Participant: 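For reference, the structure I am asking about is given below.
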Amino acid sequence: MVLTPLPDSRTEPDGSAVIRVLSYNIRSMRDDREALARVIRACAPDLVFIQEAPRFFRWRKRAAWLAAHTDLVLLSGGATAAGPLLLCSLRATVERTEDLLLPRTPGLHRRGFATAVVRIAGTRIGLLSCHLSLRHDERLAQADLLLDRLDSMQVEHAIAAGDLNDGPEGKAFRLLAGRLQDCRSVRPWGADQTFPAHDPRLRIDAIFATAGIDVLGCGVPSGLPGITEPDLRAATDHLPVLAALRVPALASLAEPA
């Protein structure tokens with residue numbers, strides 16, 4: 001089945017920005033990285049929220065390879081955020097970035113956030129890529145920290161995306177969906193489940209947006225022109241989530257002079 005395409009990236013006459021946002025757990029690029037690059041390019045994203053980016057030997061070189069082969073640029077994160085990474089297209093003007101390491105529970109993997117504030121057309125957007133804990137209590141605490149971090153960015157519009165290790169019925173997922181728009185639930189498009197890639201049964205990857213952002217469609221882009229099932233299975237163990245969003249212009253730019 002071929003999907004009806006999501007809206008293309010564009011700037012509206014009022015200065016608002018239609019953007020394409022991708023969230024993708026890439027398992028440290030241990031699988032078929034050429035397939036991974038093909039999937040990302042076919043999604044034509046403006047912003048990419050990566051989880052499990054390379055974190056060890058020559059991780060910057062591998063992240064740079066991914067950016068170069070997907071026509072994107074590195075924005076924030078990687079090993080310095082314990083795995084989350086942000087990429088962006090040349091539409092984005094970077095205002096600031098910050099990588100955060102979260103409190104560590106002894107014996108568990110260190111987690112972090114890759115964050116940034118960017119401007120696209122007449123909009124200003126806070127970004128946060130995350131990969132939450134496998135343990136439910138730590139995961140819930142990290143979801144709470146995520147919301148605190150978005151508040152601290154002092155931006156009207158923000159997007160958070162990542163591998164939650166939690167489904168829509170889980171406490172961490174519900175905490176986020178109670179404060180933010182779960183884009184898939186607001187405007188379903190494409191497929192639903194994201195893990196595992198070879199036989200998806202769970203929706204543990206998601207894109208969230210603050211209330212003022214208009215969700216135009218969100219889901220797994222299986223069937224999108226340029227994306228094949230073999231590439232989706234070969235690229236990594238998760239399926240990507242793609243959303244089209246309309247972000248309002250800054251009030252100072254939207255109002256007539």
Side-chain angles (χ1 to χ4, degrees), residues 19 21-25 45-53 55 63 74-88 92-105 108-120 123-168 170-186 204-213 215 218 241 243 245 247-248 250:
I19 60 174
V21 175
L22 185 70
S23 183
Y24 211 174
N25 182 317
D46 297 291
L47 301 168
V48 183
F49 295 67
I50 294 289
Q51 303 84 49
E52 291 194 40
R55 295 186 297 117
L74 294 171
L75 181 53
S76 176
T80 50
L85 176 76
L86 291 167
L87 305 174
C88 66
T93 299
V94 182
E95 185 175 301
R96 66 178 187 267
T97 66
E98 185 175 3
D99 301 332
L100 302 172
L101 293 175
L102 302 182
R104 182 176 185 175
T105 300
L108 296 182
H109 174 65
R110 189 70 179 266
R111 305 283 175 169
F113 298 150
T115 75
V117 176
V118 301
R119 292 176 183 257
I120 299 179
T123 71
R124 183 170 179 259
I125 317 166
L127 313 175
L128 188 153
S129 180
C130 68
H131 186 185
L132 303 188
S133 176
L134 289 166
R135 201 168 92 175
H136 66 89
D137 56 339
E138 186 178 49
R139 183 166 63 241
L140 185 60
Q142 290 168 353
D144 197 44
L145 290 171
L146 186 158
L147 294 171
D148 287 345
R149 178 60 188 170
L150 291 185
D151 289 341
S152 74
M153 286 184 179
Q154 298 183 331
V155 293
E156 183 177 359
H157 306 297
I159 303 164
D163 176 355
L164 305 184
N165 279 314
D166 205 14
K171 290 183 178 180
F173 199 115
R174 287 189 286 115
L175 177 64
L176 296 177
R179 285 271 306 276
L180 305 167
Q181 298 184 85
D182 170 16
C183 295
R184 168 69 189 178
S185 295
V186 172
I204 60 174
D205 303 86
I207 297 173
F208 295 92
T210 48
I213 294 175
V215 181
C218 180
V241 181
L245 309 174
V247 185
L250 291 168

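Given the structure is predicted, the values throughout are model-derived calculations rather than measurements.
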Participant: Determine yes or no for a side-chain-to-main-chain donor-acceptor pair under 3.5 angstrom, with Arg119 supplying the side chain and Val94 the backbone.
Facilitator: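 Between the backbone of Val94 and the side chain of Arg119 there is no qualifying donor-acceptor contact (under 3.5 Å).
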Participant: Please lay out, stage by stage, how Phe208 and Phe49 fare under the test ring-ring contact (aromatic ring centres under 6.0 Å, His included).
Facilitator: CA-CA 11 Å; Phe208 295 92; Phe49 295 67; over 10 Å; no
Participant: Taking only residues two or more places apart in sequence or in another chain, which ones pass ring-ring contact (aromatic ring centres under 6.0 Å, His included) with Phe113?
Facilitator: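 Expected list: none.
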Participant: Return yes if some donor-acceptor pair links the side-chain N/O of Gln181 with the main-chain N/O of Val186 below 3.5 Å, else return no.
Facilitator: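 Answer holds: no.
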Participant: List the atom of Pro248, the atom of Thr123, and the distance in Å for their closest heavy-atom pair.
Facilitator: O-CG2, 3.2 Å
Participant: Is the backbone of Gly178 close enough, under 3.5 Å, to the side chain of Arg174 for a donor and an acceptor to pair up by distance?
Facilitator: no
Participant: Tell me every residue that passes ring-ring contact (aromatic ring centres under 6.0 Å, His included) with Tyr24, counting only those two or more places apart in sequence or in another chain.
Facilitator: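 In terms of ring-ring contact (aromatic ring centres under 6.0 Å, His included), with neighbours along the sequence ignored, Tyr24 is linked to no residue.
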Participant: If the threshold is 4.0 Å, N to carboxylate O, is there a salt bridge linking Arg139 and Asp137?
Facilitator: no
Participant: Mark yes or no for whether Asn25, through its side chain, and Asp163, through its backbone, hold a donor-acceptor pair below 3.5 Å.
Facilitator: no
Participant: More than 12 foreign heavy atoms under 6.0 Å from NE2 of His136: is that the case here?
Facilitator: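 Count not over threshold, so no.
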Participant: Can you sort out the partners of Glu98 under salt bridge (Lys or Arg N to Asp or Glu O under 4.0 Å), two or more places apart, ordered by chain and number?
Facilitator: Arg149
Participant: So, Gln142 versus Ser133: side-chain donor-acceptor pair below 3.5 Å or not?
Facilitator: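 Their side chains do not contain a donor-acceptor pair, so the 3.5 Å distance test is not met.
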Participant: Give a yes or no answer on whether the side chain of Asp166 reaches the backbone of Ala172 with a donor-acceptor pair at less than 3.5 Å.
Facilitator: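 Yes; at least one donor-acceptor contact below 3.5 Å.
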Participant: Examine distances only and state if a side-chain atom of Thr115 and a backbone atom of Leu127 form a donor-acceptor pair shorter than 3.5 Å.
Facilitator: no
Participant: Who pairs with Asp46 by salt bridge (Lys or Arg N to Asp or Glu O under 4.0 Å), at least two apart in sequence or on another chain?
Facilitator: Arg91
Participant: Among all residues two or more places apart in sequence or in another chain, which pass the salt bridge (Lys or Arg N to Asp or Glu O under 4.0 Å) test with Arg184?
Facilitator: Asp192
Participant: Excluding sequence neighbours, so at least two apart, what forms side chain to side chain donor-acceptor pair (under 3.5 Å) with Thr80?
Facilitator: Asp99
Participant: Quick check for you: to the nearest 0.5 Å, what is the distance between Arg179 atom CZ and Asp144 atom CG?
Facilitator: 8.5 Å
